[in-house]
Participant: 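Encoded as structure tokens, here's the structure I'll be asking about.
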Amino acid sequence: MKTDVTEIARGVHRISTFHPDFGIQFNQFLVADDEPFLMHTGMRRSFQSTLAGVRQVLDPERLRWIGFSHFEADECGALNDWLALAPHAQAVCSFVGALVSVNDFAARPPRALADGEVLAIGAHRLRFLATPHVPHGWDAGLFFEESERTLFCSDLFFQPAEPPPLTEGDIVGPAADAMRAGAKGPLANDIPYTPYTDATLQRLAALEPPTLAVMHGSSFRGDGAHAIRELAALLRTELLEPVKR
Ligand SMILES: [Fe+2]
Ligand SMILES: [Fe+2]
């Protein structure tokens, strides 16, 4: 599998592998700094591809932090491969994630982060935001890199196929098309709509991120607050309104 590496913000590298089996890209994000931070490990079976991508940017043995949103194979399946390779690496996740899954799964104990806690890794600072059930999973959280103001969105703004690494165009339209198409398939209901969904998305929008780092599809540069509010409106229309009717 081919892995492409693109710097989408200063020091923030998108490491992307397209999986023909799934028809989607799996994107990891490497923040190169004194204590390198990897957002998402990729799946176990993609480890060598992801590793080759990381190697294009820095020595993978220098990895210090491994973050992810929620406990799924693409988010953290290869965690133990990274821990074996990088002697000082440690997983960082939500308290729920640590307690429910990662304490048991990981070869070394993770560091559990509280909502709003900051990880200073050098010139970059990663703020952890607990976002239960956004995009999905009780344990879900997102990271916001405060110096470049990049929001790591995990599965939000999901777009299939092989779009470009970074766009300044519309990502909500393609995400809406994907959501409507997916609603008819076996993988429907990937994002639940809870009493907290809208408030969580409005909180993310208030960060006003100029860069949205998207796990599946193009990352976005532009008015991130507007894109997140459009996504919030889309989720309301597509997920909540049909239930009310
Ligand atoms: Fe997911
Ligand atoms: Fe994902």
Side-chain angles (χ1 to χ4, degrees), residues 1-5 12-22 24-114 117 119-122 124 126 128-132 135-143 145 152-155 158 187 190 213-216:
M1 279 177 297
K2 195 163 79 62
T3 296
D4 294 315
V5 180
V12 180
H13 303 265
R14 175 187 185 266
I15 294 166
S16 178
T17 304
F18 177 75
H19 281 255
D21 302 3
F22 294 88
I24 63 175
Q25 296 166 333
F26 290 85
N27 304 321
Q28 292 68 234
F29 296 92
L30 176 64
V31 184
D33 211 315
D34 297 341
E35 299 185 5
F37 173 92
L38 181 66
M39 181 66 188
H40 322 137
T41 69
M43 291 185 288
R44 265 195 316 152
R45 70 175 186 176
S46 318
F47 178 63
Q48 291 303 330
S49 305
T50 314
L51 177 60
V54 169
R55 213 169 246 140
Q56 286 185 39
V57 181
L58 49 78
D59 175 0
E61 293 188 21
R62 283 187 52 222
L63 270 186
R64 177 66 182 90
W65 303 109
I66 299 172
F68 45 90
S69 165
H70 49 278
F71 193 78
E72 279 181 349
D74 59 343
E75 294 266 353
C76 64
L79 176 59
N80 287 331
D81 297 281
W82 291 107
L83 293 179
L85 182 100
H88 304 296
Q90 186 176 20
V92 277
C93 62
S94 68
F95 275 114
V96 174
L99 192 66
V100 173
S101 301
V102 187
N103 283 344
D104 185 69
F105 173 78
R108 291 196 295 275
R111 174 168 161 189
L113 298 176
E117 197 169 341
L119 206 58
I121 65 166
H124 297 83
L126 290 141
F128 178 74
L129 306 164
T131 61
H136 42 233
W138 177 24
D139 56 327
L142 298 173
F143 286 87
E145 198 292 299
F152 297 99
C153 297
S154 180
D155 298 328
F158 172 92
L187 297 177
D190 60 325
V214 173
M215 186 179 200
H216 308 285

Participant: So, using side-chain hydrogen bond (donor to acceptor under 3.5 Å, both in side chains) as the criterion, who are the partners of H216 when residues are at least two apart?
Facilitator: D74, D155
Participant: Examine distances only and state if a side-chain atom of W82 and a backbone atom of T41 form a donor-acceptor pair shorter than 3.5 Å.
Facilitator: yes
Participant: So, using side chain to side chain contact (heavy atoms under 4.5 Å, CB included) as the criterion, who are the partners of R108 when residues are at least two apart?
Facilitator: L83, A89
Participant: Output yes when a side-chain donor or acceptor of S49 lies under 3.5 Å from a complementary backbone atom of T3, and no otherwise.
Facilitator: no
Participant: Pick one: which of D139, V96, V100 meets side-chain contact (heavy atoms from CB on, under 4.5 Å) with F71?
Facilitator: D139
Participant: Mind checking what makes side-chain hydrogen bond (donor to acceptor under 3.5 Å, both in side chains) contact with Q28, not counting sequence neighbours?
Facilitator: none
Participant: For D104, give me all partners under salt bridge (charged side-chain N to carboxylate O under 4.0 Å, His left out), at least two apart in sequence or on another chain.
Facilitator: none
Participant: Once the angle between the rings of F37 and F152 is folded into 0 to 90°, is it parallel (under 30°), tilted (30 to 60°) or perpendicular (over 60°)?
Facilitator: tilted
Participant: Testing F29, F128, W65, F68 for ring-ring contact (aromatic ring centres under 6.0 Å, His included) with F143, which one passes?
Facilitator: F128
Participant: Check whether N103 reaches the backbone of A98 with its side chain - one donor and one acceptor, N or O, closer than 3.5 Å.
Facilitator: yes
Participant: side-chain hydrogen bond (donor to acceptor under 3.5 Å, both in side chains) with R44: which residues, sequence neighbours excluded?
Facilitator: none
Participant: Identify, with sequence neighbours excluded, every residue that meets side chain to side chain contact (heavy atoms under 4.5 Å, CB included) alongside Q56.
Facilitator: V5
